[in-house]
Number of protein chains: 2
Amino acid sequence: MSKTYVFGHKNPDTDTITSALVYAYLKQQLGVDAEALRLGTINNETAFALEKFGFEAPRLTDTVADADAVILVDHNEFQQSANDIKDVLITEVIDHHRISNFETANPLYYRAEPVGCTATIINKLFKEHQIDIPANYAGLMVSAIVSDTLLLKSPTCTPQDIVAANELAAKAGIDLAEYGLAMLKAGADLSDKSLEDLLSLDAKEFVMGDAKVVIAQVNAVDVNDVLARQAQLEELLNNEVATKDLDLFFFVVTDILNNDSIAVPAGVLATKSALAFGVPLVNNQIVLKDIVSRKKQIVPALTNVL
Amino acid sequence: MSKTYVFGHKNPDTDTITSALVYAYLKQQLGVDAEALRLGTINNETAFALEKFGFEAPRLTDTVADADAVILVDHNEFQQSANDIKDVLITEVIDHHRISNFETANPLYYRAEPVGCTATIINKLFKEHQIDIPANYAGLMVSAIVSDTLLLKSPTCTPQDIVAANELAAKAGIDLAEYGLAMLKAGADLSDKSLEDLLSLDAKEFVMGDAKVVIAQVNAVDVNDVLARQAQLEELLNNEVATKDLDLFFFVVTDILNNDSIAVPAGVLATKSALAFGVPLVNNQIVLKDIVSRKKQIVPALTNVL
């Protein structure tokens, strides 16, 4: 029987990991020999969700071309995908991001919707196929929505995400607000993280115009947990810029209680990156008032300026 | 109210024109100020379908950036789209082709499915939105499916297309086989066409590796209607290659009664293009036995070799 891998992006977050598990389950119900994979280390938030609903992390890999086909969830840009993504047949993409640096030789099933979370789309797909979602899988899907929308408070959150989150929380038998805050706090606990960890935890690479850009984001209950170490942080950022030949490393710390962020940029485009938000670069920090979404707020603003 | 244009590819065929009309209608029912447009001349087959179901052709344009947003149907590759496609916000794509040379700055609704015809996907979307399809719009949708699948006989035709075609024919109150053959014959009537017309009628541009390729396809009841004029045809093809700096112009005549094709290639990659099909180039013709689909058979074969 032909083998299909299902996986999300590198530096996996909760939506990427749980959507791989949940969509692999849906495909299995449809008779596909599907296996969920992951392309990187599980973060504290995702570990909390997997533990809560009784799942093991998917198998770790960095190559996928031994499969007959692959399904991408929660991403499409090749630089965020498996290293050998160009060597394998992509039959499906289920995603909620912009489309860029993606192409196929053949027609495929591509389902992107401008909603806050991949799980919200997968919830529809279960209905379209008339397949029930078991309680533990519903729990994973709630976790994804809470994570991507910061408990329904991010500007990426749509009415569809809110409806899906409530529906899935009921199915999972959990209290959405209580569970959601506990999960976010687990993810924002930076006490066991080195600055090196924070840089790579949720870093994504983008090509904007001619510029090579990395945007990393960490959630914190207190942004000073990170910013108290700014001198060391900048040194590490400059190292990354030099090693990876980046034009910009845009490091964002998001305050999950107040829904604001502070960015520390590095690279030749650091000053220009502040312009994207109409604020000055002060102490090499950019204050991002009411900004919490990389996808909806940070990437478009930087893309426009770069 | 913000204006949304809905349009298909350049050198429009029946699926592209009717899907623009039908999807604009669906969006209007959902409260969107949508207008269908076209990027080129209506062919004989499409004119037959529009006439039959009482529609005017959509407004002709080559620029779209005056809209607030656009929706692409039946295509995604920018070189097949409006000239100023990069200057406008793309909010949706409804398509059944591979994805290539397409990107957006923002998340969007992208619905591609590997089925024979865009109308088959739009038929699902009407159901998902619980909106009825009027008989005349159902007629347009049947026309699209007949056109793209050569009356359900092309290898691109899927069980979903067959179900949709029968369902829509019933809704339109027509006999599928009888109407379908009449429409295909109207399109295959080449008597009023110059060779120049035939070259551009359904020509699409592709980038394959480093090669710039145009593939044009015409349907004929008798392929000798075209091939009797091969010497002139080759002269025109070589002109196009020189003018547009192409590596390959792959001209395909498809016999709609026997479901075979013959290709006449021009450009530096002409000999190599025959290799893609495992047959020799004889009299500068490539005999394409059982091949009728540009998308499913010709593009993948050429992409592999180039």
Q) Relative to chain B, which of A:Glu92, A:Glu128, A:Glu77, A:Arg111 shows the most heavy atom pairs under 4.5 Å? A) A:Arg111
Q: Can you see which heavy atom on B:Asn106 is nearest to which on A:Pro300, and at what distance?
A: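 That would be OD1-CG, 3.6 Å.
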Q | Closest contact, heavy atoms only, A:Thr303 versus B:Ala105 | A | CG2-CB, 4.4 Å
Q) Considering heavy atoms only, which positions within residues 94-104 of chain B lie below 4.5 Å of chain A? A)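 So the qualifying residues are B:His96, B:His97, B:Arg98, B:Ile99, B:Ser100, B:Phe102, B:Glu103, B:Thr104.
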